[in-house]
Enquirer: 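This is the structure I have questions about; it appears just below.
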Amino acid sequence: MRILPLRIAPQLSLFISAVVVLAVLAVGTLSVVNLRSGFKDYLQARDDEQLMRLVALLERRSQDDPQLQWLRQDPEALRNVMDEFNGRPARGQRPPPPSFLRSPPPQGAGGGNLGDRLIIRDLQGEQLVGRRHPPDRPRTVRAIKVQGVEVAFAELMTEPAPDGIDARFLQRQISRLVWVVAGTSVFALLAGWWFAGRWSRPLRALQNATRDIARGKRLVTLEPTGALEIAQLMTDVNTMAMELDRLEKARRSWIAQISHELRTPLSVLHGEMEAIEDGARQPTRAVMASLRDEVLQLTRLVDDLHTLSVADMGGLRCVMVEGDAHVCLWRVGQRFAAQAQQHGLTLTLPTQSSPAIPVRWDFGRIEQLLANLLTNSLRYTDAPGHISVEWRHDGRVLTLTVDDTAPGVSATDMQALFEPLFRADRARQRVLSDSTATLGHGSGLGLSIVRSIALAHRGTVSASASAHGGLCLCVRLPLQADRALA
């Protein structure tokens, strides 16, 4: 038969209550056992101490009569010894003075039934005085000595189970312990149920929130309550819900923007092809070149999308080899010098004779990174303008900066520049002139690819306002790509 699992509140309640009740029962049982055994030990210790005092008294009485004739011949002798032991006057003496004039009895006097449990035997084992008791009853034996010689033995029977005041005292203590155990157990049950409910309420809220998220409801807000770990978990769920909502919006935006980016060149191709089929246009060299440009634009867009999708899945493949970073970066910069001049811009690079910078990179990816940065600056920098490319290193990290002139980027758009298909405000979206048309239409993926390549090399990329009025893009790359930046 399968037992259905309980909710967390009953489980916590039962667990807490069981632990407390078991602990209380263990302590209570141990206390009762210790009380009983301790009380017996106390009675045994009291009997031993009284028997030793009584033996000392008998030894003093027997100094002049080692044969204990005084005890054999006088039936009242033991009674008189016990009266003296208990601090009472012997028979035939004056009555005791009033209690306020009487001296307190010797310490340890007591044990009202001590005489009833006492037996005195001679050396041959013959009972001289005392009541007869079963031979198997436990007893304590002490020798009576006169001048160091044993003359008799005093036997004190073990006191039976407590009765009277002693029994009532012991029973009262045990009853109180039982009540304490019962009360503590009830309190533990109530406290366990209360604490379990307090802990389970935020967990139920978390359960409902995760169910809503699983059903597609993204905007879930939880009030962090409960224990510290649970409150932190609720905060994390809130963060996760907001991130899922952001990703969902980004996904929809991606679909809309990619559709728009693909539709423009496809519409041009479709219109041109229909015009050729209808005879409205002739397939001249210029028309075919225009169609080829649109196809190339589609190819670039698809390639960029593929690169980003592979990077997002953690699979941007990089083949790291040893090489010279200065030669690689300078070669890419030189490739764009002529284009910059055609667009009315000045491109500044470090000197070709700068010292070599040994690195371990995927140089194909790094060339793509710098090419995307320069393409972005060429496309969005007004002529006449200036683009400055610099790189320097500290022996561990190389810092590459691309700095251009106006127009700039607003502070609100600065952090979103590296998001796929992002378009900045109109200041950076000028209409392409004939000289800039060779750069093609921007897909909005270039800087996103820059970030992916930097991350694949365990580097970082950032954007800031340029001192020249434009945009400053900064890439930091470790010289050894297998070492992350601190």
Enquirer: Between the main-chain N or O of Cys474 and the side-chain N or O of Arg476, is there a donor-acceptor pair closer than 3.5 Å?
Expert: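 Checked: no pair found.
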Enquirer: What distance separates Leu369 CG from Phe363 CZ, expressed to the nearest 0.5 Å?
Expert: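 Leu369 CG to Phe363 CZ: 13.0 Å, rounded to 0.5 Å.
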Enquirer: Under a plain distance cut-off of 3.5 Å, with no hydrogens placed, do Thr375 and Asn372 share a side-chain donor-acceptor pair?
Expert: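 There is no such pair (donor and acceptor under 3.5 Å, judged by atom type) between the side chains of Asn372 and Thr375.
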Enquirer: If you measure from CG on Leu118 to CG on Leu51, what distance do you get to the nearest 0.5 Å?
Expert: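 Separation between the atoms: 7.0 Å.
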Enquirer: Treating His468 as the side-chain partner and Gly470 as the backbone partner, does any N or O pair qualify as donor plus acceptor under 3.5 Å?
Expert: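 Flag not set: sc His468 to bb Gly470 has no pair under 3.5 Å.
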Enquirer: What pair of heavy atoms forms the shortest contact from Ser377 to Asp404, and how long is it?
Expert: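 Where Ser377 meets Asp404 most closely, the heavy atoms are OG-OD2, 3.1 Å.
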Enquirer: Not counting sequence neighbours, which residues clear side chain to side chain donor-acceptor pair (under 3.5 Å) with Thr401? List them please.
Expert: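 By the side chain to side chain donor-acceptor pair (under 3.5 Å) rule, Thr401 matches no residue at all.
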Enquirer: Does a side-chain heavy-atom distance below 4.5 Å link Val389 with Leu400?
Expert: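 Val389 vs Leu400: side chains touch.
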Enquirer: I need the Leu398 CG to His326 NE2 distance, nearest 0.5 Å.
Expert: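 Reported to 0.5 Å precision, the distance equals 11.0 Å.
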Enquirer: To the nearest 0.5 Å, what is the distance between CD1 on Ile230 and CG on Leu206?
Expert: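 Nearest 0.5 Å value for the CD1-CG distance: 7.5 Å.
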Enquirer: Can you name the residues that form a side chain to side chain donor-acceptor pair (under 3.5 Å) with Ser388, not counting sequence neighbours?
Expert: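 For Ser388 there are no side chain to side chain donor-acceptor pair (under 3.5 Å) partners, ignoring immediate neighbours.
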Enquirer: Distance-only, no hydrogens or angles: does the Trp361 side chain make a donor-acceptor pair with backbone N or O of Asp324 under 3.5 Å?
Expert: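 Pair absent, no side-chain N/O of Trp361 close to backbone of Asp324.
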Enquirer: Using a strict cut-off of less than 4.0 Å between a Lys/Arg side-chain nitrogen and an Asp/Glu carboxylate oxygen, indicate whether Glu419 and Arg451 qualify as a salt bridge.
Expert: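 Looking at Glu419 and Arg451, the cut-off is met.
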Enquirer: Evaluate the side chain to side chain contact (heavy atoms under 4.5 Å, CB included) criterion for residues Met157 and Ile119: first the C-alpha distance (whole Å), next the side-chain angles of each, then the deciding distance (0.1 Å), finally the verdict.
Expert: CA-CA 8 Å; Met157 304 298 111; Ile119 295 177; 4.1 Å; yes
Enquirer: Taking all heavy atoms of Trp70 and all of Leu58, pick out the closest pair and write down the distance.
Expert: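 Looks like CH2-CD2, 3.9 Å.
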Enquirer: Is the shortest heavy-atom distance from the side chain of Met82 to the side chain of Arg79 under 4.5 Å?
Expert: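 The answer is no; the side chains never approach within 4.5 Å.
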Enquirer: Do Ser448 side-chain atoms and Phe418 backbone N/O form a donor-acceptor pair below 3.5 Å?
Expert: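 Such a contact is found between Ser448 side chain and Phe418 backbone.
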Enquirer: Any salt bridge linking Glu49 with Arg46? Criterion: basic side-chain nitrogen under 4.0 Å from a carboxylate oxygen.
Expert: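 No.
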Enquirer: Keeping Glu150 on the side-chain end and Phe153 on the backbone end, is there a donor-acceptor pair under 3.5 Å?
Expert: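 No: the side chain of Glu150 does not pair with the backbone of Phe153.
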Enquirer: Would you say Thr235's side chain and Ala231's backbone share a donor-acceptor pair under 3.5 angstrom?
Expert: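 Here the side-chain-to-backbone pair exists.
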Enquirer: Quick one: do Arg246 and Glu243 satisfy side chain to side chain contact (heavy atoms under 4.5 Å, CB included)? Show the steps, please.
Expert: CA-CA 5 Å; Arg246 186 190 69 81; Glu243 184 64 17; 2.6 Å; yes
Enquirer: Would you indicate whether the side-chain heavy atoms of Val450 and Gln368 approach each other to under 4.5 Å?
Expert: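 No; the side chains remain at least 4.5 Å from each other.
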Enquirer: At their closest point, which heavy atom of Leu477 faces which heavy atom of Gly459, and how far apart are they?
Expert: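 What the structure gives for the nearest pair is CD2-CA, 4.2 Å.
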Enquirer: Apply side-chain hydrogen bond (donor to acceptor under 3.5 Å, both in side chains) to residues Ser62 and Asp65 and explain how you reach the verdict.
Expert: CA-CA 5 Å; Ser62 303; Asp65 187 3; over 6 Å; no
Enquirer: Under 4.5 Å between any side-chain heavy atoms of Met234 and Glu223, yes or no?
Expert: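 In short, these two side chains do not touch, never coming nearer than 4.5 Å.
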Enquirer: Going through the checks in order, is the side chain to side chain contact (heavy atoms under 4.5 Å, CB included) test met by Arg137 and Arg117?
Expert: CA-CA 11 Å; Arg137 182 173 177 180; Arg117 297 185 288 125; 4.1 Å; yes
Enquirer: Excluding sequence neighbours, so at least two apart, what forms salt bridge (Lys or Arg N to Asp or Glu O under 4.0 Å) with Asp122?
Expert: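 If we apply the salt bridge (Lys or Arg N to Asp or Glu O under 4.0 Å) test to Asp122, skipping adjacent residues, the hits are Arg72.
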Enquirer: Is the CG atom of Asp64 crowded by more than 12 outside heavy atoms at less than 6.0 Å?
Expert: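 Incorrect, the count does not exceed 12.
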Enquirer: What pair of heavy atoms forms the shortest contact from Glu84 to Leu57, and how long is it?
Expert: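 Nearest heavy atoms, Glu84 then Leu57: OE2-CD1, 3.4 Å.
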Enquirer: Flag yes if more than 12 heavy atoms outside Gln67 fall under 6.0 Å of its CD atom; otherwise flag no.
Expert: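 Check fails, neighbour count at 12 or below.
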Enquirer: Apply side chain to side chain donor-acceptor pair (under 3.5 Å) to Asp362 and list each qualifying residue two or more places apart in sequence or on a separate chain.
Expert: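 Testing Asp362 for side chain to side chain donor-acceptor pair (under 3.5 Å), a comparison that skips the adjacent residues, returns none.
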Enquirer: What is the distance from atom SG of Cys328 to atom CH2 of Trp391, rounded to the nearest 0.5 Å?
Expert: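 Here the rounded value is 9.0 Å.
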Enquirer: Between Asp48 and Arg142, does the side chain to side chain contact (heavy atoms under 4.5 Å, CB included) criterion hold? Intermediate values first, please.
Expert: CA-CA 9 Å; Asp48 290 344; Arg142 293 287 184 271; 4.2 Å; yes
Enquirer: Restricting to non-hydrogen atoms, name the atom on Ile120 and the atom on Ala152 that form the minimum distance, rounded to 0.1 Å.
Expert: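 Distance-wise, the nearest heavy atoms are CG2-CB, 4.4 Å.
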Enquirer: May I ask you to say whether Lys249 pairs ionically with Asp245, meaning some side-chain N is under 4.0 Å from a carboxylate O?
Expert: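 Asp245 and Lys249: salt-bridged.
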Enquirer: Between Leu128 and Leu68, is there a side-chain heavy-atom distance shorter than 4.5 Å?
Expert: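 Of all side-chain heavy-atom pairs linking Leu128 with Leu68, at least one is under 4.5 Å.
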Enquirer: So, does Gln63 use its side chain to make a donor-acceptor pair with the main chain of Glu59 at under 3.5 Å?
Expert: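 Answer holds: yes.
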Enquirer: Would you check if Gln232 and Pro224 make a side-chain contact, meaning some heavy-atom pair closer than 4.5 Å?
Expert: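 The answer is no; the side chains never approach within 4.5 Å.
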Enquirer: Can you measure from CD (Gln50) to CZ (Arg53) and round to the nearest 0.5 angstrom?
Expert: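 With rounding to 0.5 Å, CD (Gln50) is 7.0 Å from CZ (Arg53).
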Enquirer: Using modelled atom types only, decide if a donor and an acceptor are shared between the side chain of Thr158 and the backbone of Pro138 within a distance under 3.5 Å.
Expert: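 Confirmed, Thr158 side chain pairs with Pro138 backbone.
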Enquirer: Going by the rule salt bridge (Lys or Arg N to Asp or Glu O under 4.0 Å), which residues pair with Arg121 if we only count those two or more places apart in sequence or in a different chain?
Expert: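 Arg121 satisfies salt bridge (Lys or Arg N to Asp or Glu O under 4.0 Å) with Glu155 only.
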Enquirer: For Leu479 and Pro358, work out which heavy atoms get closest and say how close.
Expert: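 Minimum heavy-atom contact is CB-O, 4.2 Å.
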Enquirer: Trp330: what forms a side chain to side chain donor-acceptor pair (under 3.5 Å) with it, not counting sequence neighbours?
Expert: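 So Trp330 forms no side chain to side chain donor-acceptor pair (under 3.5 Å) with any residue.
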